[in-house]
Amino acid sequence: MFGLVDANNFFASCERVFNPKLINKPVVVLSNNDGCIIARSQEAKDLGIKMGEPYFKVEKFLKKHNVFVFSANYPLYGDMSRRIFQILQDHVPDVEIYSIDEAFIDLKNLNFTDLDKFARDLRQKILKWTGIPVSIGIGKTKSLAKLAAETVKKQKIPHGTLILDNDQQITEILKNTLVEDIWGIGRRWAKLLNANFVYTAYDFVSLSDFFIKKKLNINGLKIKYELLGQPVFQMHDLPEAKKSIRRSRSFGHLISQYSDLEEAVANFADSCAAKLRKLNQIANSLMVYIRTDPHRQDLPQYRNSFVYTFKTPTNSSRIFIKAAVQALKNIYKPQYKYRKAGVIALGIEEAKAIQIGIFDQYNKAQEFKLMKALDNIRNKYGRKSIHFATEMGKGNWLPRQHFISRAYTTDWNQLPEVK
Ligand SMILES: [Mg+2]
C-alpha cells in the first residue's frame, strides 16, 4: 500500500499557524512581487476567489470581505514542510517528497493491524505538532493514493483520511473524476481524450490498451493500470511530473564526501534552471534535500531539506547553483552516508519581459545573455560540452550505469561514427 500526504491550503495554513486571529478567516497568499493569488484558505475559496487571479484585479473585493492578504514567505513554508516530512520519516520506512506540501509514504512492512487508525493517528500527530491540517489518501498504487487524497479534499471528509480498497467505491470515484484531474494526464492529453469522447477517469480505464498506447503512449497505459490497482510506479518513481520542476537521483554509491554531494546538487540545480529557461519560466526559491539510505537500517539515518529564496526570481543556472550550494551547506552533516539528493524549483511563474529594478541582486540583462549563450552551446555540442566549475568532479554521485548505451540521438559527442 502507498499513501499520499497532502497539506491542505498549505501556504495559507502556514500563515495561520503563527497568527491565531486568522483561524476561520479568509486568507490568501500572493506570488512574487505580490503579482497574483497562489494560495487560498477554504474560507477564501468559498468567497469564490480564483487561483492565479492578479491581485490588482481583486484588491477591492478582498478589502470588502476582510480577506487577510500575505506576500509569499517561502523560508517559512520550507521550514514547515521540513517539519511535516520529518514526522512522516519517523513513522514510515520510506518517504518520497513530491512537492513542498506533498509526500508519498511507503506503507509496506509496517507493524500495524488497523490501517485506518494508523492514518488517522498520523494525521492527528501532524496537526498537533505542526498546526498544519493534511489529507491522507491510501491505495494499492500511487495513482490511487493520489486519487484518495483528492477525494478527501473534494468531499471534505472530516477526519481527513481515506483508504481506497473497495472496488465498488473506486469505480464510483473514477466516474466522478474528470480525465484532466487524473494524476499524470496533462492538459494536452485531456483535450485529446475529450475529442475521443473520453471524459471521466472511468471512461479512461475502460479504453483498450491498444487505443491508449496508440493515442497517448506507454506512460498513459501505465496510468490506466495504476488506476485499476496494479502498481506500476514504485516509491521514487513518478509519471511525467507536470507541475513541479525537480531533479533528483539515487546515487550509485553511498556518498559521505561534501564535494561529491555538492557536485550532484550543482548538476541538479543547473538542470532545473535550464528546464525553466526552456519553458520561459522563473522561480523565486529552490529546495535542496538530502537523505541517507532507508534500506540500510544498520547505518545512522538522517534527512533534511532547506529552502533558499532568491531576492529576484530567476532561471539563471549560475544563480541556481550558488543558491543550491548555500542550501546544501546548511543541512550537510559529515557523519552520514547519503543515498539521495534532489533540487526542486518553487514559486514558478512565467518569465515576462526583463524589467530592470534598482534593487536587483544582479544584472538581469547580462545574466539573460550569458544563459542564452550557454543554452546555444549546449544545444549544439551537447549538455556536457560546457559546465560550471562546481558541477565538475569525480562523478561519484552518478548512478551505476555499466550497461548504458550511448546517447546517440541527443549528444553530438556520442553520435554513431561511420568509418
Ligand atoms: Mg496541498
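In listed order, ligands and their atoms are each counted from 1. Predicted, not measured: the structure shown is a model, and the values here were computed from it.
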Q | Listed partners of D165 passing salt bridge (charged side-chain N to carboxylate O under 4.0 Å, His left out), at least two apart | A | none

Q: Just jot down the side-chain hydrogen bond (donor to acceptor under 3.5 Å, both in side chains) partners of K322, sequence neighbours excluded, or say none.
A: none

Q) For the residue pair F11 and F70, is the inter-centroid distance of their aromatic rings smaller than 6.0 Å? A) no

Q: Return the set of residues passing salt bridge (charged side-chain N to carboxylate O under 4.0 Å, His left out) with K45 (not counting sequence neighbours), or none when no residue passes.
A: none

Q: Count, excluding waters, the protein N, O or S atoms that are closer to the Mg ion (ligand 1) than 2.8 Å.
A: 3

(Q) Give me the atom names and distance for the closest heavy-atom approach of I163 to Q169. (A) O-OE1, 4.0 Å

Q) So, for W183 and F2, is the gap between ring centers shorter than 6.0 Å? A) no

